[in-house]
Structures are given as structure tokens and as C-alpha cells.
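In what follows, a structure is listed as C-alpha cells, so that the remarks can point back to it.
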Amino acid sequence: MLNFADTTTTVTLEKNPQSNISRFLYDNPDYDEETDDPIDQYVLYYSMRNEYKHYIWVDLEDIPQVVQDAFVYTEDERFYSHDGVDFKSTFAAFVNIFLPNNRTRGGSTITQQTIKNLTGDAATEGVQGIERKIREVFRAINVEKTYTKDVILESYLNIVPQGTQKEDIIGIQAAANFYFGKDVSELDLAEAACLAGLNNAPAYNNPIDNIDNNNIRRKYCLKKMFDNGAISEQEYNEALHEELELAGNFNYSSETVYDGELEDQGITDWYLDAAIEEAISRIAEEAGCTYEDAQTRLYNGGYTVYTNVDIDMQRRVEKSMQDASNFTTYDMDPEEDTLWSAFICMDYKGNVRSVVSSRSEKTDIRGYNQATQGSRSPGSCIKPIASYAPALDQDLITMSSLYNDKPLMEVEQEDGTKSQWPVNYSEDGLSGNWSYKDLFTYQMLLKSLNTMPAQLVDKLTPAYCFNFLKTKLDVTSLRDSESDYSAMTVGSLGMSLDELVGAYMIFGNGGRKYDVSFVYKIEDSAGKVIYEKNDGYKQAISDSTAYIMNRMMQYVINDKEGTGRYAKLKKTDLVGKTGTSEKWEDLNFVGCTPDYVSGIWIGYENPETIPTNDYENIGQIWKNVFGDIADSSEHKSFDETFPMPDTVVKQDFCSRTGLLASNGCSSRTTGYFKTSNTPDYCYGGH
């Protein structure tokens with residue numbers, strides 16, 4: 001037995017409020033903290049309920065003395081005098097194990113029962129039963145040395161089984177709710193005895209399944225209370241003959257319940273799907289368990305998940321995505337219009353505000369989410385993040401650097417012939433010729449020519465560009481095989497839309513890369529914060545690089561030759577980039593406004609060439625889906641949009657040489673340059 005004392009594990013009694021509900025909430029945009037009830041600070045987004053589990057924690061101070069006495073004198077009348085073990089009863093239980101035709105006999109104190117319920121260590125027969133009983137004895141002694149009687153009783157009353165043959169009811173608060181439709185604080189003596197009488201076999205002694213058994217147990221409980229002086233003879237008789245008013249349902253709950261959360265929640269939307277996936281991953285990380293175990297924990301209830309959703313934006317984007325006229329150039333037959341699309345929007349700290357993964361109404365829960373789980377080619381959207389930005393950050397180029405529009409290398413085709421690479425593509429999908437002209441950096445970008453990015457990738461090396469995407473911009477979906485010229489130059493790789501849009505946040509927030517998240521906080525059932533997104537970030541590029549890239553991408557939108565000109569807004573500053581994959585199988589647009597960075601993708605389930613004559617330009621589609629929301633920004637003037645840092649200077653440059661314009665330069669263009677890396681002055685008198 002002394003060996004068991006050395007090997008017995010410690011049992012911890014912690015206050016552990018639980019619930020069978022996991023809630024997803026979002027911030028109430030109309031909440032006034034000075035006048036509104038605190039519960040109105042958040043709005044219920046969705047709830048998950050384990051309908052077979054009912055467990056509500058209640059503090060001992062809120063449990064009437066009559067309820068405490070009912071359980072103590074029924075289960076362990078010497079509870080307040082022993083040190084965790086009633087050796088008289090325990091010895092009788094040991095002897096009973098060895099008797100022929102033995103009947104299971106208790107002998108467990110409230111302390112021992114609490115330990116058994118907490119640990120699940122419940123063997124009753126043979127050697128295993130003896131070993132368990134010995135472990136339980138030493139654990140009980142240790143618990144009594146550590147905790148007060150009140151703490152032990154509180155834990156016991158909150159985890160004591162009280163279920164029926166159908167309902168898994170744990171603890172007296174949930175039991176009071178179910179059997180009597182009231183809070184435990186409202187129970188009278190007869191009701192307290194009814195619940196205390198369940199304890200040795202609740203499935204057979206509860207008043208719903210077997211009122212006769214429960215009446216016998218109620219009488220036993222009341223007699224024990226009377227014998228120990230807890231109640232008078234009059235109280236005994238009145239409680240014994242009181243007719244119980246049974247509810248037998250959970251129409252009443254002592255929990256704080258949000259409107260509608262006990263009703264069927266219906267189909268989740270795309271945002272909820274993503275928030276659920278993130279919550280499971282966060283719980284698994286915090287608990288050190290598997291994804292499957294974390295999923296079970298979440299669905300069993302007890303978690304509160306605070307989401308970043310802008311519910312109005314989410315609903316509006318869903319509606320816009322389902323409007324076929326926002327995509328097609330004519331009234332297409334729905335059976336022929338099989339184009340897929342996905343959209344996502346986040347703020348400049350990576351907090352996702354809306355996400356939609358289909359042009360159709362959602363019909364399933366946790367369906368495949370193209371925006372977060374899909375992997376498609378970003379096309380030319382890769383250029384700002386894989387070549388232009390890192391080259392500008394390394395001072396290899398400026399906004400007015402001149403590069404020749406010519407191929408970089410000769411490559412061998414599958415048929416053995418050789419061709420020049422890369423080629424440029426026109427907006428209709430046809431291969432364009434090289435101009436062999438010197439063009440400025442911003443012109444190469446606005447025209448989305450492939451030649452300058454190829455030359456930049458060559459200077460930086462594909463490996464550098466690849467690692468920049470992975471380590472600085474958190475593009476984790478990349479495969480090692482994609483660290484080549486084509487992938488880093490023209491986006492011939494797979495990337496999820498949320499990673500692509502998340503990478504672009506650096507162009508609107510001074511070069512800072514935050515984690516992309518649908519959830520900003522998760523609490524367990526005790527209100528303990530197990531995850532909270534912090535304000536930590538990586539400085540992916542300098543603030544000067546970020547701002548200059550931002551201004552160059554403004555040309556993509558505002559220039560008459562800019563590939564993103566169809567996305568231009570009326571009131572709000574927009575910068576961005578279009579992206580087209582090889583064979584026109586994927587079209588992307590990522591746009592940055594002062595408030596949001598968002599992106600849209602279109603393509604087919606099985607990649608094939610998109611008939612561009614049948615569908616709107618990708619920039620126009622983005623505008624149709626999100627333009628009204630983006631253009632409702634409070635930024636009334638373009639000059640108030642993206643603030644220019646002190647590390648950047650706004651200065652004209654010569655439209656022929658790219659050098660800073662002098663008095664003799666008659667043709668000039670406004671440019672943005674790092675104060676640490678400005679071109680020389682042009683003295684050619686152009």
C-alpha cells in the first residue's frame with residue numbers, strides 16, 4: 001500500500017465552469033458601453049451544441065444549504081469529520097470484494113467519489129478494483145490535505161452524474177434546470193432530496209424514468225437528513241409527501257443564453273467555416289492535442305470564439321457574388337455559366353472581414369472553401385510580391401529605373417524546339433511581341449509585362465524570391481519545386497487566395513506583415529483566454545518600399561493602359577494588380593484601398609481557358625462585387641489616403657532618362673523615391 005502512496009498521481013480540483021454550447025460571436029457595431037447591457041456587446045454568429053451533454057457550473061455559495069445537506073447526509077454523513085476516507089465503510093467495501101456472490105458496495109466518501117468522477121479511474125472488480133480503491137484512498141488523503149471541505153463539496157456537486165436513460169446530465173445546476181425547470185438556488189427540500197436520491201444509480205432512480213424508485217430514494221435521503229438533525233420531523237413529513245412538479249426538458253437554462261442559440265443554427269456561411277477551422281487549430285495548439293481531438297472539444301461545447309467578421313459586408317458580398325450579372329457580359333444560360341469564384345477582404349492587420357467561396361447559395365456546413373483551401377495560380381499578381389518589392393527593398397531599382405522589354409533566355413520546348421522566354425501576353429490572351437524598348441519600372445508594372453520581373457528574379461535569384469515569399473510574407477503553401485524562374489516571375493505555382501491577399505497588406509500599412517486571422521480571441525468555459533491575437537508583425541519590407549510600390553500600383557488602376565483600370569473607383573483611392581495564369585485558366589485581382597486589402601479569383605473547377613468575351617474584365621468583376629463597399633470609405637480626398645513616410649520624397653523625374661528632373665527637362669513625370677536612394681539629376685536638357 002505504501003508503494004501506491006508513492007505512485008499515486010495528484011488530483012487537482014479547479015473551478016471548471018462548463019457548457020454544452022460553443023459560441024461564435026462578433027462585435028456589435030451599434031453597442032454603446034455607457035448605456036447598453038454588457039451581453040449586447042457581442043452578437044451571436046453561430047452556436048454549436050452537444051445536445052447529449054448538459055453541464056453548468058454553479059458556485060457553492062449559490063447552492064442552498066438544504067441541497068448541500070441532502071447530498072452530504074445521503075452520501076457521506078461523516079464528510080465534515082473524516083480526512084478524506086471513512087475507513088469503516090472502506091474496510092467493509094474491501095471485504096465485500098472477496099465474499100462469494102458479492103454485491104457492489106459503496107464505501108466511497110464524497111472526496112473519493114469526486115476523485116473517481118474527475119479521473120475516470122472506476123474499476124470495481126478483481127485485482128483492478130482493489131488497486132483502484134487503494135489509489136483512491138491515497139488520492140483522497142492528499143486532496144483533503146490540499147483543499148478545504150467547501151472546495152471539495154463544490155467540485156463534487158458540479159460533476160455528480162444526474163442523467164436519465166437518454167440525457168447526459170452532469171451536476172446539480174443542469175439537473176435542477178432539467179427536472180424542475182428552475183435554478184438550483186430555487187430548489188426546496190423535497191426537490192433537493194429527489195436529486196440526492198439519484199446518486200447511486202441515476203438512470204434508474206430519476207423521477208422521469210422511474211418515479212417509484214425515486215420516491216424510495218427520496219425517503220431514504222430525508223430519513224438520513226432527519227437522523228443527523230439537518231431537518232425537523234415536520235419538514236421531513238412535508239417533503240416526503242410533496243408532489244413533485246417535473247419539467248423533464250431544457251426549456252429553461254441557468255446559463256446566459258444569446259437569442260436564438262438554442263434553435264437550429266442552419267447552414268454555416270463561408271466565414272464561419274473558416275473561423276471554425278481556425279478555432280480548431282488554435283485549440284489543438286493550446287491543448288497540445290490532435291486536430292480531431294480539438295474538433296471534438298469544440299463541438300462538445302464550452303468555448304467562446306470571437307470573430308473578426310464585418311457581418312454587413314459579409315452579407316453584401318454574398319449577395320453580390322450570387323448575382324450573375326456581376327460576372328457575365330450578357331444574360332448567360334445558368335447551365336452554361338459554370339465559372340467558379342472566390343473573394344476575401346481583410347484589414348491591414350490581417351483581420352479578415354469577409355470571405356465568400358462560391359457564386360451560388362451555400363448548402364452545406366464546412367464545405368470546401370476555395371478562398372482558404374484552394375491552390376491556384378496567382379498569375380501576374382506574383383510580380384509585386386516576388387520580384388518588384390524585394391528588388392526595390394534591396395535598392396536594385398527605383399520607380400524610374402529603365403529596363404529593356406526583351407526576353408531573358410532561350411528555353412527548350414517539349415517538342416525539342418527552342419523559344420525565347422518570357423513572352424508578354426495581351427489582355428485578350430494572345431502572345432504579344434517584345435518591344436525592345438526601354439521602359440520605366442512603373443510602366444512595366446502597369447502594363448504587366450513579364451520581361452522586367454524575369455530580369456529582377458535573375459538578379460535576386462529564384463531562391464531568394466522564393467524564400468522572401470515564405471519567410472517574409474507567410475506563403476506557406478509553396479512547394480520547394482516551385483522555386484524556379486517561371487514560378488517567381490509569372491506565378492506558375494499554387495497559392496491560396498487568403499495568402500495572396502494577405503501578402504499584399506504590406507503595400508498599405510508601411511511594410512508590416514501580420515498573421516491573417518478570422519478569429520481574434522478564444523475563451524474556454526471558465527472564461528480563460530486560451531488564444532488572443534496580438535499586434536505582433538514582421539517588417540517584411542521598409543516603409544519606403546511599401547509606399548513606392550503603392551504609388552506604382554496606382555498606375556495599374558489610373559493609367560489608360562493599366563491592366564486594372566476597370567476597377568477604378570469614383571471616390572476612393574485604389575491601388576492593385578491583375579493576375580492572369582498561363583492559358584488564361586485563372587484570373588485574379590488584388591486591390592488596396594485605405595481601409596481594406598481584398599482580392600477575387602475566377603476559374604473553373606477543372607482548369608480550362610476562360611472565355612474572356614463571355615465574362616467581364618477581372619478588375620470590373622472586383623468592382624461589381626466590392627466597389628460600392630470600397631467606395632463608401634470616409635477618405636474624401638486621395639491626398640488623405642495612404643500617408644507618405646518621411647523616408648520617401650516626392651519629386652519629378654525626366655520622362656526620357658529616369659533621372660531627377662532639372663530645370664532643363666521639358667518632359668517630366670512625378671515620382672516617389674527613397675530619401676536614401678534617389679537618382680542623380682538629369683542635365684541633358686531634354
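Numbers here simply count residues along the sequence, with the first being 1.
- A salt bridge between Asp628 and Arg316 is absent, with no side-chain N of the basic residue lying under 4.0 Å from a carboxylate O of the acidic one.
- Judged by distance alone, with hydrogens and angles left aside, the side-chain atoms of Lys623 form no donor-acceptor pair with the main-chain N or O of Leu569 at under 3.5 Å.
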Subject >> Pair Phe507-Ile385, side-chain contact (heavy atoms from CB on, under 4.5 Å): steps then yes or no >> reply: CA-CA 9 Å; Phe507 301 129; Ile385 56 177; 3.8 Å; yes

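- In this structure, Lys383 contributes its side chain and Met452 its backbone to no donor-acceptor pair below 3.5 Å.
- By the 4.5 Å heavy-atom criterion applied to side chains, Trp434 and Asn404 are not counted as neighbours.
- Two residues are said to be in side-chain contact when any heavy atoms from C-beta on lie closer than 4.5 Å; Val490 and Ser486 meet this criterion.
- In this structure, Phe343 and Ser354 have side chains that are in contact, with non-hydrogen atoms separated by less than 4.5 Å.
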Between Trp270 and Ser358, does the side-chain hydrogen bond (donor to acceptor under 3.5 Å, both in side chains) criterion hold? Intermediate values first, please. CA-CA 9 Å; Trp270 294 110; Ser358 173; 5.2 Å; no

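- Although no hydrogens or angles enter the test, the distance criterion places a donor-acceptor pair under 3.5 Å between the side chain of Glu482 and the main chain of Gly494.
- For Lys583, the salt bridge (Lys or Arg N to Asp or Glu O under 4.0 Å) criterion is met by no residue, not counting sequence neighbours.
- With sequence neighbours excluded, no residue forms a salt bridge (Lys or Arg N to Asp or Glu O under 4.0 Å) with Glu499.
- Side-chain polar atoms of Asp393 and Ser542 form a donor-acceptor pair below 3.5 angstrom.
- In this view, Glu318 and Arg315 satisfy the salt bridge (Lys or Arg N to Asp or Glu O under 4.0 Å) rule, not counting sequence neighbours.
- A donor-acceptor contact shorter than 3.5 Å links the side chain of Arg359 to the backbone of Leu339.
- Residues Val516 and Met346 are in side-chain contact: their nearest non-hydrogen atoms beyond the backbone lie under 4.5 Å apart.
- Between Leu445 and Thr441, the closest side-chain pair of non-hydrogen atoms is not below 4.5 Å.
- A donor-acceptor pair under 3.5 Å is formed between the side chain of Lys362 and the backbone N or O of Thr268.
- The backbone N or O of Ala630 lies less than 3.5 Å from a partner atom in the side chain of Thr572, making a donor-acceptor pair.
- When Val309, Ile276, Asn351, Val305 are each tested for a side-chain contact (heavy atoms from CB on, under 4.5 Å) with Val519, only one passes: Val305.
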Practice item. Please test Val625 against Phe327 for side-chain contact (heavy atoms from CB on, under 4.5 Å), starting from the C-alpha separation and ending with a verdict. Key: CA-CA 9 Å; Val625 169; Phe327 290 82; 4.2 Å; yes

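- No side-chain donor-acceptor contact under 3.5 Å links Tyr615 and Gln620.
- Side-chain N or O atoms of Asn424 include none that pairs as donor or acceptor with a backbone N or O of Leu449 at under 3.5 Å.
- By the side chain to side chain contact (heavy atoms under 4.5 Å, CB included) test, Ser419 is found to be paired with Val411, Gln413, residues two or more places apart in sequence or in another chain being considered.
- Scored by the salt bridge (Lys or Arg N to Asp or Glu O under 4.0 Å) test, Asp652 finds Arg668 as partners (sequence neighbours excluded).
- A salt bridge does not link Asp438 with Arg656: every distance from a Lys NZ or Arg NE/NH1/NH2 to an Asp or Glu carboxylate oxygen is 4.0 Å or more.
- Under the 4.0 Å criterion applied to side-chain N and carboxylate O atoms, Asp535 and Lys349 are assigned as salt-bridge partners.
- Between the side chain of Asp543 and the backbone N or O of Pro645, no donor-acceptor pair lies under 3.5 Å.
- Counting only residues at least two apart or in different chains, side-chain hydrogen bond (donor to acceptor under 3.5 Å, both in side chains) contacts with residues 370-379 comprise Arg376-Asp586.
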